[in-house]
Amino acid sequence: MAASAGPALDVAYPFRVLYCGNCTLPIEYCEYHPEHDKCKQWLEKNLPVEFEKLCKAADISTDEAGEEKKRQKRGGKGIVKARKKDDGPKQVCLSRAPRGKKKSVTVVTGLNSFNIDLKVASKFFGTKFACGSSVTGDDEIVIQGDVKDELFDIIPEKWPEIDEDFIEDLGDLKR
Ligand SMILES: [Zn+2]
């Protein structure tokens, strides 16, 4: 009867060890053999049932490894995102531009990169130098007068986060 023969096949013979025809190790240890690919070929051909079992076991461990990698990747992305907040060059640029025949103005750019309110900064410069000062662009303040040299001292004094090293002298602009 097929019914009685079935279960007997499922129970593995207790002391039966299957050896690999390629590396001669018990098939459970095949995966540690350097020529495991050849072992798999041999197993697939000669012990297809055992081969399938080994493959299933391998698949499960591969899935677990894959899941672990995904978790690490997500964590990694989070760290990158957190760091990105401070991206972008931080620099204040000062330059002098001619105005009229004899006078010049001082152009200040880059205060935005230090999250400084340009209107507040412009008003501060105007008061400090007793001259006209206005916001002239997204990140540009023009001070009426040649005050570039003074700004190298005054800006770090007013905003300690802007070290003098962060201030670039662009020299004279020709308009
Ligand atoms: Zn083998």
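First listed ligand is number 1; within each ligand, the first listed atom is number 1.
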According to a 4.5 Å side-chain heavy-atom criterion applied to Ile, Leu, Val, Met, Phe, Trp and Tyr, with indirect links allowed, do Val107 and Leu151 form part of one hydrophobic cluster?
no
Show me the donor-acceptor pairs within less than 3.5 Å that the side chains of residues 19-45 make with the rest of the protein, sequence neighbours left out.
| from | atom 1 | to | atom 2 | distance (Å) |
| --- | --- | --- | --- | --- |
| His33 | ND1 | Glu35 | N | 3.0 |
| His36 | ND1 | Cys30 | O | 3.3 |

Quiz item: Are the aromatic rings of Phe124 and Trp159 close, with centres under 6.0 Å apart?
Solution: yes
Excluding water, the protein N, O or S atoms sitting under 2.8 Å from the Zn ion (ligand 1) are Cys20 SG, Cys23 SG, Cys30 SG, Cys39 SG
* Evaluate the side-chain proximity of Lys103 to Val105: yes if any heavy-atom separation is below 4.5 Å, no if none is. => no
For this session: Would you indicate whether the side-chain heavy atoms of Ile116 and Ile162 approach each other to under 4.5 Å?
Result: yes
For Phe125 and Ile155, what are the C-alpha separation, side-chain angles and deciding distance, and is it a side-chain contact (heavy atoms from CB on, under 4.5 Å)? CA-CA 9 Å; Phe125 293 140; Ile155 289 175; 4.1 Å; yes
